[in-house]
Amino acid sequence: MLTMLGLLPTFQRRLVNWYRAARRDLPWRTERQEKSKLPDPYRVLVSETMLQQTQVATVIPYFQRFVDRFPTVHALAQADEQEVLQLWQGLGYYSRARKLRLAAQMIVQQYNGRVPDQIEQLLLVPGVGRYTAGAIVSIGYDQPAPIVDGNVIRVISRLDLIRTNARDDPGALKQIWLRAEAVVPRRNCADFNSGLMELGATICLRRNPRCAICPVRAHCQALATGQQDAVPPVRKKKILEKQRRWVLCIERDKRYLIQQRPARGRWASMWQFLTVTPGTEESTTDDITPALAVMNRLAGLKLRSLRLLSRFDHRLTHRHYTFTAYHCRLAKKARLGATQWQRWVSLEELEQYPLPQPHRNIAQLLPSAAEDGSA
DNA sequence: AATACGGGGGA
DNA sequence: TCCCCAGTATT
């Protein structure tokens, strides 16, 4: 196997040298501790958790805000879960945020605040899987550990000419992990593994790979056989479920009703405006008059002054929502108080609540909507 | 082994 | 529009 990469030390040296010349300034790498010249493992834990299924450019501003607010593992361990979620809102996969906080608590209690440097220990930390554990060991501590992410899957698939897509094929994925373990050097592990990923992100692109400037093109079987555009193949398609949601921004005395979602499932424990699923008999019309009657029935409320705010699509990986957002007021007589899961908040207070992205988008429309309504 | 879990980038 | 992104946990 190893012979197919050519001389392994040559491959390693070419990749590390290329990475050291080409690497980007990333906040979790540039802020190093003076003595050790290694990044703060806590920051590696935070950044690698944010980077799961998320592109680097998206993560950077979230990372800055997060470590600014929670600069140490102790600070995060003592944090309020809602505040952690609030800093995470918009980034997606919110269980990552919840588990990262639990991870900090575990590290404080069991490891006296020091992020473990052993794979077996890291795998017991909430939200830390094989990839993140390998990243912390190799990038945080510069110790040998394999690392496989979406980039490495693509790079190794081409180097070794693996013809199935490892994202659909557990056997191929296992092969790639073994390969990643076989190629990681004993020294310069951080730059080697970072280089493997950076290569996938900038050179070994999904489409139109830039083989002409690839530092390890001499080691690539896909290029040698002219199959770099066909490897890896595209994944199997997934079914996209279409759903509709009506969102009611109910206003009373310049405050809006919000409700907390259940602690499990999508957007767990986040807050939202009252959301109802229109039945199949309800048409998609924007006509307000029939809609108001339907709203009152679905929401079980006496609403008035219903006005359309916006209609927009929101796509997730497996679902395609069409949100229709309305602004309305509560009839004078109606009573609706605050409970543990339901509150009336001003627009200013709303900023402190973690909201799903579609509801955050709707919230941005409310200031002008309120003016129109009172005019 | 299959599914759930967000949102955005880029062609 | 489609595929993917510095994956993990649950069922």
Side-chain angles (χ1 to χ4, degrees), chain A residues 19 23-24 26-29 44-63 85 88-100 102-103 122-136 138-140 146-157 165-171 173-174 176-177 180 190 193-202 204-209 229 232-241 261-262 264-270 312-321 354-361:
Chain A
Y19 175 70
R23 63 181 160 193
R24 296 177 273 181
L26 299 177
W28 45 90
R29 187 173 56 227
V44 175
L45 170 63
V46 173
S47 62
E48 295 299 340
T49 303
M50 287 186 169
L51 285 164
Q52 292 164 13
Q53 294 291 285
T54 310
Q55 296 186 168
V56 171
T58 305
V59 164
I60 289 174
Y62 285 90
F63 175 81
L85 271 180
W88 210 273
Q89 73 170 330
L91 199 52
Y93 284 160
Y94 298 97
S95 69
R96 291 184 295 176
R98 195 185 327 277
K99 285 170 182 160
L100 184 57
L102 295 177
L122 286 165
L123 289 176
L124 298 176
V125 175
V128 175
R130 223 169 159 189
Y131 162 79
T132 305
I136 290 171
S138 64
I139 296 173
I147 190 172
V148 172
D149 71 338
N151 290 307
V152 176
I153 286 175
R154 190 168 54 253
V155 169
I156 292 185
S157 292
N165 191 317
R167 304 166 75 78
D168 297 319
D169 180 353
L173 186 60
K174 185 176 181 182
I176 288 170
W177 271 100
N193 275 346
S194 300
L196 219 43
M197 294 190 288
E198 187 74 0
L199 189 73
T202 61
C204 200
L205 303 173
R206 182 164 61 96
R207 279 178 292 184
N208 302 321
D229 292 317
V234 292
R235 304 187 63 175
K236 288 181 285 187
K237 280 209 174 185
K238 288 184 178 176
I239 298 161
L240 197 65
E241 220 178 298
R261 294 179 59 88
R264 297 178 62 104
R266 185 163 298 177
W267 296 304
S269 299
M270 298 176 82
F312 60 94
D313 289 337
H314 187 78
R315 290 186 48 137
L316 303 180
T317 303
H318 299 349
R319 252 176 268 262
H320 185 160
Y321 290 103
L355 265 53
Q357 193 57 38
H359 288 261
R360 184 52 71 191
N361 293 341

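Order of the sequence lines fixes the chain letters, A, B, ..., with proteins taken first and strands second; residue numbering starts at 1 for each chain. Remember, predicted model here, so these are calculated numbers, not experimental data.
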Has the side chain of [X] got a donor or acceptor atom sitting under 3.5 Å from an opposite partner on the base of [N]?
X	N	answer
A:Thr317	B:dG6	yes
A:Tyr93	B:dG6	yes
A:Thr54	C:dG7	no

With rounding to the closest Å, how many angstrom separate the P atoms on C:dA6 and B:dA4?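 Here C:dA6 and B:dA4 have their P atoms 24 Å from each other.
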Please measure how far the P atom in C:dT8 lies from the corresponding atom in B:dG8, and state the result in whole Å.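 Their P atoms lie roughly 22 Å apart.
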From A:Arg319 CZ over to A:Glu241 CD, what is the distance, rounded to the nearest 0.5 angstrom?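 Those atoms lie 5.0 Å apart.
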First locate atom CG of A:Leu45, then atom CD1 of A:Ile139, and finally report the distance between them rounded to the nearest 0.5 Å.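 Answer rounded to 0.5 Å: 12.5 Å.
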Rounding to an integer number of Å, can you tell me how far [X] [atom1] sits from [N] [atom2]?
X	N	atom1	atom2	result
A:Arg261	B:dC5	CZ	C1'	12 Å
A:Glu48	C:dG7	CD	C1'	11 Å
A:His318	C:dC3	NE2	P	14 Å
A:Asp169	B:dA2	CG	P	11 Å
A:Leu196	C:dC5	CG	C1'	16 Å
A:Leu173	B:dA2	CG	P	14 Å

Side chain of [X] - closest among [options]:
X	options	value
A:Glu198	C:dA6, C:dC5, C:dC3	C:dA6
A:Arg266	C:dA9, B:dC5, C:dG7	B:dC5
A:Arg130	C:dC5, C:dA6, C:dT8	C:dT8

Is [X] close enough to [N] that one of its side-chain N or O atoms is under 4.0 Å from OP1 or OP2 there?
X	N	result
A:His314	B:dG7	yes
A:Trp267	B:dG7	yes
A:Arg264	B:dC5	no
A:Ser194	C:dA6	no
A:Gln53	C:dG7	yes
A:Arg154	C:dC4	no
A:Arg319	B:dC5	yes

Considering heavy-atom distances to DNA chain B, does A:Gln52 or A:Asn208 have its closest nucleotide positioned more toward the 5' end?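 First, find each residue's nearest nucleotide; the 5'-ward one identifies A:Gln52.
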Want to settle it: does A:Tyr62 or A:Arg207 sit nearer the 5' end of DNA chain B, counting the closest nucleotide to each?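 Nearer the 5' end of the strand: A:Tyr62.
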Counting only N and O atoms by type, is there a donor-acceptor contact under 3.5 Å from the side chain of [X] to the main-chain atoms of [Y]?
X	Y	answer
A:Arg96	A:Met50	yes
A:Gln89	A:Pro354	no
A:Thr54	A:Gln52	yes

What's [X] touching, base or sugar-phosphate or nothing? Going by heavy atoms closer than 4.0 Å.
X	result
A:Leu91	base
A:Thr49	nothing
A:Gly200	nothing

Quick one: sort the A:Phe63 and A:Trp28 rings into parallel, tilted or perpendicular, breaks at 30° and 60°.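 Perpendicular, since the angle between the ring planes exceeds 60°.
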With a 3.5 angstrom cut-off on both distances, give the Watson-Crick or G-U wobble partner of B:dA2, or none if there isn't one.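 Paired with C:dT10.
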When you match A:Arg315 and A:Asn151 each to their closest nucleotide on DNA chain C, which lands nearer the 5' end?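 Final value for this comparison: A:Arg315.
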